[in-house]
Amino acid sequence: MTGVIPMTARRPSPRRPSTSQLLTRVRDRSPGLAAGLVGGAVAAGLGLGALTVLVMVLWISSPYPDSGPGGALHVAAALWLLAHGVELVRADTLSGVPAPVGVTPLLLCVLPVWLVHRAARDAVDADEDGVAPPVGARTAWAGVVLGYLTVGAGTALYAAGGPLRPSWAWTVLGLPTVVALSAGTGVWTAYGRPRGPVDRLLRLLPGGTRRVLLGPREREKFLVAVRAAGAAVAVCVGGGAGLVAASSVWHGDLAREAFLQLTEGWSGRCAVLLLCVTLVPNAAVWGAAYALGPGFALGTGHGVGPWVSDPAPMLPPFPLLAAVPDAGAGTPWNWAAGVVSLAAGVTMGWFVGRGGMRWSVRRTAVIAGLAATVWATALAVAAGMAGGPLGVGVLARFGPVWWQVGGAALVWGVGVAVPVAVVVRVCGGWVTRWRTAAATKAVTRAAAKAAEEASRALSLAQARATASRTPEVSRTTASRTAEAPRTTAQKAAAQKTAPPKTAPPKAAATKATEPAKATSAKPPAPAKPPASAKPPKTPVVAPRAGVTLRKKTATPVTPEAAAPPSPRTPPKQQESEAYDLLPADEPVEDVWRDEALRARWDALRDELRNRTPEPDAPTDAEPEPTAAQAGPEPTPPAPDDGGTSGTP
């Protein structure tokens, strides 16, 4: 039984959810749907309330109100519907035929569109950490749209009993379209502007156009075209606003008279002023249509353009209509309005050319044509929204014609933007190559300069290292060179103060025969007695054959070492203290060219010049030899040889 129960137990089908699952889904979605409904209703109430307050203030301040509070509320409801693009119908005409009012103030549309967008974005309730929002996109969108349309339907029913009645066809089509698009953009913004919904909308296009726009590489090109078209629209509409402002200043007297003729009270003038402000975007689009060439219509059969101007003769006085050019053929001042379209086309071509540096020339031209198409579509939509009928008969056509504006914009875009984009692309390629070459040269020069600086720094470091070692060697050499001349100077001073002594014959013979044994068998020359004023000269001892004279390293000077050598020092020991005998492997070098030896003699000369003579020492006193000079006790005492065996 335990194995059969799981086989026979019924499970709910995935296609047919059970009642508990449906209740769970409704319970989970109901808070989000309710919040959307409330948000949409609040957004509609805020827009309607703002217009109602404005109309009621103007009605209260009017000195001669034509109707009661009910009439003011009906007008406020009709204006709220007109702000959504709903066409109104005026029933109380002189002829008895209802007259449509389809010119929608574009600035008045900003308030309801922004409120719906904000309500949909808040209904999603996305958190700050970027996690998926708790309310689904469809739920939030549906809630906001339903809540807003509920208030809109009640407002339309209420406005149907007033002097300005809404057209039911436009109410059914226009109001839901504006609300749905505004709420969709709000939800899309709340989700971080994903690409999926946009791609699904673009899939509704034909196959060829869809492949051009939805390819992996075509998306970037399409975005470049959209940005270029947006820049061109901004330049064109801004230029149109500039044309309207210039014409209003030129016809300032007519505008002032029209403003004063409409009403005499301050409340009425404020109402006219507010109406003119809300119609400024419409006038900018009309000025753009005038710059493109087709112009706009001021009644059936009465067009106004740069080539010819033919306004309707019976127009109501209005400040913005005073800026319309005078009737007649166009002048060069009117033709100069084409500079606005030329500037828009150049701007679009510049954006496409700068964005297509990696593309070929042919591809750049195609993208420029796509941007021109987007630009023409945007201007056609704006022209359709900015115009409309203001009555029947002559006033049935009022404003620019959308298809004429779109066609003229396409011609300007293809004729100006495509060549400019190609030229910018080609010149940009040249500039890019020139900049690349210049950058390469700059990098090469910088590298060479860096290498030179590195070599110079290395040489400087080596020189500093050598200089840091040179003072030590110089101090050692200077100390050594200063010691030997000091010893020689002390010896010379001692010999100068002491009286000359006559060497015994035996010692003189010994000293004379010692060099002779080393050099040759010739008898030594007799020693010359030293002069009284000059110290005896030291004979130069010639080296034996096969040996080299090497200067002995100087030792620290002591008072005992500075004294003349003792006569008891053997001649061989005196000679060995001055020179060392080494094998002559190389030729004898000129020791007088040594810088150290030259420094010694210079130090000796300076010492002799600056030295102060010491007091005369006793003649019979002999300095005691040091331990180094004593050495072994010589057998025969050697007399003083007059300083012939001293070191140079």
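By convention here, the first residue in the shown sequence is residue 1.
- In this structure, V423 and W350 have side chains that are not in contact, with every pair of non-hydrogen atoms separated by 4.5 Å or more.
- The two atoms that bring G369 and V418 nearest to each other are N-CG2, 3.9 Å, heavy atoms only.
- Closest approach of L164 to A78, counting heavy atoms only: O-CB, 3.6 Å.
- In this structure, L342 and V416 have side chains that are in contact, with non-hydrogen atoms separated by less than 4.5 Å.
- Taking the six-membered ring for Trp, Y148 and W141 have ring centres at least 6.0 Å apart.
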Worksheet entry | L51 and L108: CA distance, side-chain angles, deciding distance, side-chain contact (heavy atoms from CB on, under 4.5 Å) verdict | CA-CA 10 Å; L51 289 177; L108 194 63; 3.9 Å; yes
Discussion item. With side-chain contact (heavy atoms from CB on, under 4.5 Å) as the criterion, how do L106 and M385 come out once you've worked through the C-alpha distance, each side chain's angles and the decisive distance to 0.1 Å?
Written reply: CA-CA 8 Å; L106 295 180; M385 295 177 61; 4.0 Å; yes
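- Atom OG1 of residue T278 and atom CG of residue L111 lie 12.0 Å apart, to the nearest 0.5 angstrom.
- Looking at every heavy atom in both residues, A43 comes nearest to A119 through CB-CB, 3.9 Å.
- Distance check, rounded to the nearest 0.5 Å: CG of L54 to CG of L274 gives 6.0 Å.
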Discussion item. With ring-ring contact (aromatic ring centres under 6.0 Å, His included) as the criterion, how do F398 and W286 come out once you've worked through the C-alpha distance, each side chain's angles and the decisive distance to 0.1 Å?
Written reply: CA-CA 10 Å; F398 209 77; W286 289 23; 5.7 Å; yes
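- Here L37 contributes atom CG and T150 contributes atom OG1; the two are 7.0 Å apart, rounded to the nearest 0.5 Å.
- Nearest heavy atoms, G353 versus T364: CA-CG2, 4.4 Å.
- Formation of a donor-acceptor pair under 3.5 Å by the R425 side chain with backbone atoms of W359 is found in this model.
- Formation of a donor-acceptor pair under 3.5 Å by the W188 side chain with backbone atoms of P194 is found in this model.
- Side-chain contact between W402 and V381 is absent, with no heavy atoms from C-beta onward closer than 4.5 Å.
- Between V145 and V179 the shortest heavy-atom distance is CA-CG1, 4.1 Å.
- One distance of note links CZ of R363 with NZ of K221; it measures 3.5 Å at 0.5 Å rounding.
- Between M348 atom CE and I367 atom CD1 the span is 12.5 Å, to the nearest 0.5 Å.
- Among residue pairs with one or both ends in residues 295-318, none qualify as side-chain hydrogen bond (donor to acceptor under 3.5 Å, both in side chains); sequence neighbours excluded.
- A 4.5 Å side-chain heavy-atom check between P400 and Y290 finds every atom pair outside the cut-off.
- Side-chain contact check for Y158 versus L73: some heavy-atom pair is nearer than 4.5 Å.
- Residues V420 and T347 form no side-chain contact, since every pair of their non-hydrogen atoms from C-beta on lies 4.5 Å or further apart.
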Practice prompt. Kindly indicate, with the supporting measurements, whether the criterion side-chain contact (heavy atoms from CB on, under 4.5 Å) is fulfilled by F259 and V272.
Written response: CA-CA 8 Å; F259 182 78; V272 172; 3.9 Å; yes
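- With a 4.5 Å cut-off on side-chain heavy atoms, S61 and W266 do not count as touching.
- Across C276 and P319, no two heavy atoms sit closer than the pair SG-CG, 3.9 Å.
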Fill in: Evaluation steps, side-chain contact (heavy atoms from CB on, under 4.5 Å), between V103 and N282
CA-CA 9 Å; V103 178; N282 300 63; 4.2 Å; yes
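- Using a 4.5 Å heavy-atom threshold, the side chains of L260 and R269 count as touching.
- Distance check, rounded to the nearest 0.5 Å: CG of L275 to CG of L107 gives 11.0 Å.
- Put simply, the residue from V89, T155, T171, V172 that forms a side chain to side chain contact (heavy atoms under 4.5 Å, CB included) with P166 is T171.
- Between the side chains of H117 and T185, at least one donor N or O sits under 3.5 Å from an acceptor N or O.
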